[in-house]
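Below you'll find the structure, written out as C-alpha cells, and then a few comments.
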There are 2 protein chains.
Amino acid sequence: MPRKVDHRERRELLADALMRLAAAEGLEKVSLRHVAAEAGVSTGMVQHYFRTKDEMMTFAYDMVTDRILERSMAASPPETPREVVRSLLLQVLPLDETRRLENHVMLAFLAYAAVKPSIASELREPAAAMRGFLADKLREAGAGHVDPERAAAGLLALVDGLGLQVLSQQYAEEQAVAALDAQLALLFGRP
Amino acid sequence: MPRKVDHRERRELLADALMRLAAAEGLEKVSLRHVAAEAGVSTGMVQHYFRTKDEMMTFAYDMVTDRILERSMAASPPETPREVVRSLLLQVLPLDETRRLENHVMLAFLAYAAVKPSIASELREPAAAMRGFLADKLREAGAGHVDPERAAAGLLALVDGLGLQVLSQQYAEEQAVAALDAQLALLFGRP
DNA sequence: ACGTTTGCAATACGACTGCAATGTATCGCG
DNA sequence: CGCGATACATTGCAGTCGTATTGCAAACGT
C-alpha cells in the first residue's frame, strides 16, 4: 500500500482539513495535531507530507488562490465583458460555503502577510495578474470615462472590503452583491 | 506608591505595547509575557490589570476604535460635506505609522471576529454608526443619483479593502489615496 | 529473495503558553 | 498606629506547540 499514494491528493486532503479548522475556529487553532485530528490521521502523517508547518500553510494558501482562479475561468461561457467582470468579482465574495472557507483562509493569510514580507511578495503576483485581467475587460467594455487600471484596483479593493464585512457579519450577503452591482452601474451605466 | 496609579493609563500603556507587538510580529506573537516585555514590566503586572488574555485583547480593540473615531471628529473644522467625508475616510487608511498600527490591529481582530460571533457583535455597532454618519454627509452633499446608505457602505468597504492591500504591500499609499479620490469623483463629480 | 525506499505511527523533547497561587511592599483610612 | 486594600513581583503548573527521532510494515528494484 505505501508506495501507491498520490502525493498531491494527500496534501490537498490535509489542506482541506486545515481550511475547515481555520474557518471554524480561527488560524490560531491550526496546529499539526489539530489538522491531523480533523483529517482523521496521525500527526506523523502530516509531518510526512509537510516537513514544517510553514510548508503546510503556504501550500494551503496556494491551493486557495489556484481554486479561485480556476473557478473564475471555468464558469465563463462567452459573455459580454461586463458579465465576465461581474461573475469574476462574485467568485471572490463569500457567497457560499466553499467561498466562505476560502475567504477565511485568505483573510488569515493576509493578516499574516501584513507582517511577513516574504509571504507578502508571494501574494503580490497573482493579485496583479487578476488586476490586469480585470482592467483588460474594463477596457473592452469601454467604460471610457475612467482609468481601467484604477477602476480594476478599486473593484478588487471593494470586494475585498465587502468580503471582510460579510465574514465579520457586519453586512449580509445580498447587501454585498447589491453594493457591487451599484458600483458596476456607476462604472458601466445602468444595465 | 501603589494606590496612586491611574488604571486607565496603565491599561493603555499595556495596550500600546500590544499594538506595537501585533503590528511588528503578528497577533500570534501576542502573549502575556511578550506584552509585558515590550512594555518593560513584569507579567504579573499585566495580569493585575487584565485578569484574562481575552480581556486584554478586547480592551486593545476598543481602544483602537475609540481613537479612530476621536481623531475623525477632532480634525474637522467647518468644511463642505465632501471634504468631511474625504478626511474621515483618509483617517481609516494606513497613511502614517499610528494608522498603520491601528490597521494592523483592526485586521487581526477582524480575522478573529470572523470566527468568534461574540467579538463580531461588539464590532458591529461602531461600524453601523460610522456608516450612518457617512450617509448623512453624502445626503448633505447631494450626490442625488445614488442611494446614500449604499454609497456609504461601498466607501467603507473600499477603504477597508484598500487598507488591506496597502498593509500586505500590494498597493502603495498614494495609489490608495488616488483610488479613493477617483471613487469620490465618481460619486460627487469632479471637485 | 532481499535490501532499499516509502508511508506512516508513536513518542520524546524543549520551548512556550495562559493562569493560579503566593509573597511583599506601599498606600489610604479609621 | 494599625489594618485592610492595592500594586505589583515571583514562581509553579498543566497543557500545547513545532520538530526530531525511532520503529516498522509494505512495496519496489535488482
Side-chain angles (χ1 to χ4, degrees), chain A residues 1-22 24-61 105 108-109 111-113 115-116 118-119, chain B residues 1-22 24-61 105 108-109 111-113 115-116 118-119:
Chain A
M1 201 233 279
R3 230 344 174 31
K4 230 9 193 181
V5 296
D6 183 350
H7 242 99
R8 166 69 57 104
E9 185 186 343
R10 294 291 204 198
R11 288 162 82 103
E12 294 201 352
L13 180 108
L14 295 175
D16 278 331
L18 188 157
M19 285 179 60
R20 268 176 275 137
L21 213 53
E25 316 213 45
L27 195 66
E28 51 185 19
K29 289 290 180 189
V30 170
S31 73
L32 297 186
R33 286 169 243 260
H34 283 161
V35 170
E38 172 73 30
V41 301
S42 76
T43 76
M45 172 174 159
V46 178
Q47 281 195 103
H48 182 67
Y49 286 102
F50 300 110
R51 284 179 310 193
T52 82
K53 186 187 180 181
D54 264 0
E55 198 179 308
M56 179 176 73
M57 296 296 216
T58 61
F59 177 86
Y61 174 77
V105 176
F109 266 93
Y112 194 60
V115 146
K116 296 256 177 182
S118 59
I119 306 269
Chain B
M1 200 232 282
R3 232 335 173 40
K4 234 1 195 186
V5 295
D6 182 351
H7 244 136
R8 168 66 59 105
E9 184 186 345
R10 294 291 204 198
R11 288 161 81 101
E12 293 201 352
L13 180 107
L14 295 175
D16 278 331
L18 189 157
M19 286 180 59
R20 268 176 276 136
L21 213 52
E25 316 214 46
L27 197 65
E28 50 185 20
K29 289 290 180 187
V30 170
S31 72
L32 298 184
R33 285 169 244 260
H34 283 162
V35 169
E38 173 72 32
V41 301
S42 75
T43 76
M45 172 176 161
V46 178
Q47 282 195 109
H48 182 66
Y49 286 103
F50 301 109
R51 283 180 311 191
T52 80
K53 186 186 178 180
D54 265 1
E55 196 178 310
M56 179 175 73
M57 296 296 214
T58 61
F59 177 87
Y61 174 76
V105 176
F109 267 94
Y112 194 60
V115 146
K116 297 255 179 185
S118 59
I119 306 266

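Chain letters run A, B, ... following the sequence lines, proteins first and then strands; every chain starts at 1.
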Rounded distance (Å) that lies between atom [atom2] of [N] and atom [atom1] of [X]:
X       : N      : atom1 : atom2 : answer
A:Met45 : D:dG23 : CE    : P     : 23 Å
B:Glu55 : C:dA20 : CD    : P     : 12 Å
B:Lys29 : C:dC16 : NZ    : C1'   : 10 Å
A:Leu13 : C:dG7  : CG    : C1'   : 15 Å
A:Glu28 : D:dT16 : CD    : P     : 15 Å
B:Leu27 : C:dT17 : CG    : P     : 13 Å
B:Gln47 : D:dG12 : CD    : C1'   : 12 Å
B:Leu32 : D:dT11 : CG    : P     : 18 Å

- For A:Val30, report the nucleic acid contact type (base, sugar-phosphate, nothing); a contact means any heavy atom under 4.0 Å. sugar-phosphate
[N], OP1 or OP2 - any side-chain N/O from [X] closer than 4.0 Å?
X       : N      : value
B:Ser31 : C:dT17 : yes
B:Arg51 : C:dA20 : no
A:His34 : D:dT16 : no
B:His7  : D:dT6  : no
B:Arg10 : D:dA7  : no
B:His48 : D:dC8  : no

- With a 4.5 Å heavy-atom cut-off, do B:Leu27 and A:Glu28 have their side chains touching? no
- Task: Report yes if the side chains of A:Arg8 and A:Arg11 come closer than 4.5 Å at any heavy-atom pair, otherwise no.
- Result: no
- Task: Could you tell me which non-hydrogen atom of A:Ala39 sits nearest to which non-hydrogen atom of A:Leu13, and how far apart they are?
- Result: CB-CD2, 4.5 Å
- Look at the aromatic rings of B:Tyr49 and B:His7 and report parallel, tilted or perpendicular, splitting at 30° and 60°. perpendicular
- If you find the nucleotide of DNA chain C closest to A:Arg33 and the one closest to A:Ser42, which residue's nucleotide is nearer the 5' end? A:Ser42
- Task: Return the nearest nucleotide to the side chain of B:Lys53; candidates are C:dC19, D:dT19, C:dA9.
- Result: C:dC19
- Item | Donor-acceptor contact below 3.5 Å, side chain B:Lys29 vs main chain B:Ala24 | no
